[in-house]
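What follows is a set of notes on a single structure, which appears directly below.
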Amino acid sequence: MNLVFKLLFLGLALTPAATLFSWDGAVAWSLFNGITLSFDLTPLSAFFMLLLAIGAPLIAVPMLREKSDESAYALYALLLLGMQLLLLAGDFIGFFIGWEMMTWSSYLLLLRSPRTDLEGAQSYILFNLASAFLLLAGMLFLYSITDDFRIQAVDGLLTADKLVLFVLFGLAFLIKVGALPLHLWVPRSYDQAPDLFSAFLSALMSKMGIYGLMILPLLFPDGFSEISGRFLNGPVAGYVLAWIGVITATIATFKAISQEDMKRLLAYSSIAQVGYIVTALGVGSSLAIGGALFQALVHTLVKLLLFITIAGIILQTGHRRFIDLGQLISRMPISFFGVLIGIIGLAGMPPLPGFAAKYLMYVGLIEAHWLLLLAAMILASTASFVYCYKLIYGPFLGHANSPEAKTATEAPWQYLIPQIVLMGMLVALGIFPGWAIDVLIDPVLIGLNMTPIGAPTWAQLSTNYGGYDGVVLMSVFATVFVLITALFLLIRGNMHRAASPYDLSFCGEVPTADTPLHYGAGMGRELRRVPLIGWILRHTTTGFYAGLTRQTQAAAGVIGTLYGSNPQTWLLLAVLIFAVTLTIQSVTGA
């Protein structure tokens, strides 16, 4: 029976792929008062459905190793159904239903983790409920002025109405992506969730907020011309959105550097990487939107790879903190290459596709002449090298600081298969960035009525500012890697070997076996000496929300005191206010 449930769960994980490849035309049902519930697969929704089709089965494979859990399988079924529903929705009714199915099923899955505490669960559901209420308020406001729930062009709206809708929908989706200062729930939930579910949260669910931000141009194709020029490309709407993204990326990057836990580091890294996407959406040009889509694809693959790999390390060692790990490179070599490929893609380094994604976003910022934003994004991207190196050094290099790290073996094959597949996909996209442009990104841009980027060949990426050939770039890096490896092997026999791992210079003292020599855990602490970075690391949004809680409690106390007073006083006050209002109306003739 367990095998049957596992096979059913694997089949469930394949439903997004089945939906993507078998969808055949729009579907609509009439509800009431002329309102129609409609579903269709647009180029934009098809792109995000592809991300779901890639990620869901790759996460399901290692989950099959665990004991069959029918309740968890049912919640995953509801979660996948909700995400597919909101991607297919052609109106806000279907979108909201899918959004709520996704929210509540993911919340119940989070509660099943033994690590989830009350604070983490409350922050997750409260922020996500706030997102849902904002979305509901936006769709009801839209209906009140248009008598229409469809996600389509809205003609004749006043500027004030457009601004209200932009704020309501924008805040709803920014909460879901975890933009600062609305990110408080993200590190806690990623940290406390089951290790494989963290991969789902980071790689797939965060993209639903990005999808939401990208459907706003469908609602307002002419943008906020009365406010700030073209939508997402003006001095107000787009510029504010771009700064939200780059501030999110910068602060989250330095927060990631300061983490001593692998999953919390990846959580803040996810916030930072999604911040790049939000910045590119703020630019709004074809190159920037193309870069945002490319970054969404790369982020999905990289976060799947890293979270699944880290889940395997935790499974084999029982540790998540850098100080408890070390020297796993010889014991978990495939996992080492998984993290290595992952951090290269995460840092946006050539020859992997993260380089292509950031290149397009940088060029988009240059064309928009938003050079200060460009400088800030480059700062965040450069600083990410520190936490990327920390992620590879901490678990795999240095000295093993726990008995479990000293005796660990490679992760089970159920964890290795997704890692190998994802590494292959990242390498393939690095070789053929033009294929991703032609096949995956340009159809979305055309569907958004934007100019396609185009690519000379599947191996080439080209813009007015330059380009590169993925085959040549990958060949150069592969050749250099082979030469360096060969040179190391040739001189390896002539290298002096230490008699003991503790045979080293240690400030005039001789370390013992109990001396912690793993410095990866403290990497990045010296950045606290830099004034701005130190200020970022010392301050959090927790104080802001704590103050907001105190003010809310104080206001509730005042209201409770008034409510508990003599009801006759309230009745008299109401009568007096009513009488004064009538008197004013009669005098003024209003």
Side-chain angles (χ1 to χ4, degrees), residues 44-45 47-48 51-52 55 79 82-83 86-87 95 98-99 102-103 106-107 110 123-135 138 166-190 193 198-217 232 237-238 240-253 255-256 266-284 288-289 291-300 302-304 307 346 357 361 377 380 541:
L44 178 62
S45 62
F47 178 85
F48 286 91
L51 303 185
L52 191 58
L79 176 59
M83 294 174 74
L86 74 89
L87 289 176
F95 188 94
W99 192 269
M102 176 183 67
T103 296
S106 60
Y107 173 63
L110 179 65
S123 65
Y124 184 89
I125 194 59
L126 288 176
F127 274 93
N128 281 274
L129 282 177
S131 175
F133 286 138
L134 287 165
L135 179 60
F166 174 73
V167 171
L168 291 174
F169 286 133
L171 285 175
F173 300 137
L174 286 174
I175 289 175
K176 182 60 71 175
V177 302
L180 266 68
L182 308 172
H183 71 293
L184 191 64
W185 65 276
V186 176
R188 291 174 178 170
S189 59
Y190 289 17
S198 296
F200 198 100
L201 288 171
S202 174
L204 302 177
M205 280 191 59
S206 65
K207 302 306 179 299
M208 298 303 103
I210 296 298
Y211 173 72
L213 289 173
M214 294 193 70
I215 66 172
L216 290 181
L232 297 181
V240 169
L241 191 64
W243 270 111
I244 290 173
V246 82
I247 290 172
T248 298
T250 303
I251 294 179
T253 294
K255 290 290 186 181
L266 288 177
Y268 278 106
S269 166
S270 294
I271 297 172
Q273 297 295 316
V274 173
Y276 299 147
I277 300 174
V278 174
T279 299
L281 294 180
V283 178
I289 297 297
L293 291 168
F294 213 145
Q295 178 69 11
L297 173 62
V298 173
H299 181 264
T300 298
V302 166
K303 279 302 185 288
L304 285 171
F307 269 107
L346 196 63
M361 291 188 288
M377 182 179 280
T541 55

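Quantities reported herein were computed from a predicted structural model and do not represent experimental measurements.
Here the CG atom belonging to N128 is positioned 5.0 Å from the OG1 atom belonging to T103, to the nearest 0.5 angstrom. For the atom pair CD1 (I175) and NE2 (H183), the distance works out to 13.0 Å, reported to the nearest 0.5 Å. Interatomic distance, M205 CE to F200 CZ, rounded to the nearest 0.5 Å: 7.5 Å. Here L174 contributes atom CG and L241 contributes atom CG; the two are 6.0 Å apart, rounded to the nearest 0.5 Å. Atom NE2 of H299 is separated from atom CG of L304 by 9.5 Å, given to the nearest 0.5 angstrom. Put simply, NZ on K255 and OG1 on T250 are 13.5 Å apart, with the number rounded to the nearest 0.5 Å.
Nearest heavy-atom pair across L51 and K207 is CD1-CG, 4.2 Å. Contact detail for G178 and V186: the closest heavy-atom pair is CA-CG2, 3.8 Å. For the residue pair L201 and S189, the shortest heavy atom distance occurs at CD1-O, 4.1 Å. Taking all atoms of both residues into account, the shortest heavy-atom contact from T253 to A249 is OG1-O, 2.6 Å. Shown here for A267 and F307, the closest heavy-atom pair between the two residues is N-CZ, 4.4 Å. Scanning all heavy atoms of the two residues, the minimum distance from A280 to A292 falls at CB-CB, 3.8 Å.
The backbone N or O of M102 lies less than 3.5 Å from a partner atom in the side chain of S106, making a donor-acceptor pair. T279 contributes a side-chain N or O that, together with a main-chain N or O of V246, makes up a donor-acceptor pair within less than 3.5 Å. Side chain of T248 to backbone of L180: a donor-acceptor contact under 3.5 angstrom is found.
Side-chain contact between M214 and F47 is absent, with no heavy atoms from C-beta onward closer than 4.5 Å. Counting heavy atoms from C-beta on, the side chains of L182 and L171 come closer than 4.5 Å. Using a 4.5 Å heavy-atom threshold, the side chains of Q273 and L346 count as touching. Between I289 and L281, the closest side-chain pair of non-hydrogen atoms falls below 4.5 Å. When side chains are defined from C-beta on, K176 counts as touching W99, because their heavy atoms get closer than 4.5 Å. V283 is not listed as a side-chain neighbour of M361, based on a closest heavy-atom distance of 4.5 Å or more. Proximity of S206 to K303: side-chain heavy atoms (C-beta onward) are nowhere separated by under 4.5 Å. The closest side-chain heavy-atom distance from M377 to Y276 is below 4.5 Å.
Using cut-offs of 30° and 60° for the angle between ring planes, the F173 and F95 rings count as perpendicular. Ring geometry, Y211 versus F48: the interplanar angle exceeds 60°, so the pair is classed perpendicular (tilted spans 30 to 60°).
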Check: Does the side chain to side chain contact (heavy atoms under 4.5 Å, CB included) test come out yes or no for S131 and W185, once each step is laid out?
Finding: CA-CA 12 Å; S131 175; W185 65 276; over 6 Å; no
Margin query: Using the rule given for side chain to side chain contact (heavy atoms under 4.5 Å, CB included), can you reason through L134 versus F169, listing the C-alpha separation, both sets of side-chain angles and the distance that settles it, and then say yes or no?
Written below: CA-CA 7 Å; L134 287 165; F169 286 133; over 6 Å; no
